Amino acid sequence: MPTIFTKIINREIPATIVYEDDLCIAFRDINPQAPTHVQLIPKKEIPRLVDGQPEDAALLGHLMLAAGKIARQLGVGDAFRLVVNNGADAGQSVFHLHLHILAGRPFGWPPG
Ligand code: AMP
């Protein structure tokens, strides 16, 4: 089921894109929760992390490597947090898998 993130991939709605390759795209969050807050998403429509399949293993690994590359590119490679909300009860509101890349302020533990 396409979401607003598919519209961003297809350039049907605007976004501040900070990274793109054949498999994924990253853009600034519209409601940032930290000085740096980027959404990193696969171009493939995977609704939730739990919906990933064995054939997505390389793609999921690619996302992790891309997250580090993007963090370095944005100057926050030494201190950032990755968050994946899986399911509405965990805070997921857009059902297209996304990695939140957050940086630029202290982060508490455990997370809220
Ligand atoms: P989640 O609650 O984990 O599903 O995260 C969804 C994230 O997408 C939230 O941080 C929203 O602020 C962000 N978001 C929703 N719509 C847009 C948009 N059009 N452009 C950028 N970020 C968005």
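For reference, positions follow the sequence shown, starting with 1. Atoms within each ligand, like the ligands themselves, are counted from 1 in listed order. These figures come from a predicted structure and were not determined experimentally.
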Derivation of the ring-ring contact (aromatic ring centres under 6.0 Å, His included) call for Phe27 and Tyr19: CA-CA 7 Å; Phe27 50 89; Tyr19 177 82; over 10 Å; no
Side chain to side chain contact (heavy atoms under 4.5 Å, CB included) assessment of Leu23 paired with Lys43: CA-CA 6 Å; Leu23 298 176; Lys43 292 184 174 176; over 6 Å; no
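- Residues Glu45 and Met1 fail the side-chain proximity criterion, which asks for heavy atoms closer than 4.5 Å.
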For ligand 1, what N or O to protein N or O distances fall under 3.5 Å?
from     : atom 1 : to     : atom 2 : distance (Å)
ligand 1 : 2 (O)  : Gly91  : O      : 2.8
ligand 1 : 2 (O)  : Ser93  : N      : 3.4
ligand 1 : 2 (O)  : Ser93  : OG     : 3.0
ligand 1 : 3 (O)  : Asn85  : ND2    : 2.8
ligand 1 : 3 (O)  : His98  : NE2    : 2.8
ligand 1 : 3 (O)  : His100 : NE2    : 2.8
ligand 1 : 4 (O)  : Ser93  : N      : 2.6
ligand 1 : 4 (O)  : Ser93  : OG     : 3.2
ligand 1 : 4 (O)  : Val94  : N      : 3.0
ligand 1 : 4 (O)  : His98  : NE2    : 2.9
ligand 1 : 5 (O)  : His98  : NE2    : 3.0
ligand 1 : 5 (O)  : His100 : NE2    : 3.3
ligand 1 : 10 (O) : Asp29  : OD1    : 3.3
ligand 1 : 10 (O) : Asp29  : OD2    : 2.5
ligand 1 : 12 (O) : Asp29  : OD1    : 2.5
ligand 1 : 12 (O) : Asp29  : OD2    : 3.4
ligand 1 : 22 (N) : Ile30  : N      : 3.1

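- In this structure the side chain of Gln39 reaches within 4.5 angstrom of the side chain of His100, judged on heavy atoms.
- A donor-acceptor pair shorter than 3.5 Å cannot be found between the side chains of His98 and Asn85.
- Residues Pro111 and Val83 have side chains not in contact (no heavy-atom distance under 4.5 Å, counting atoms from C-beta outward).
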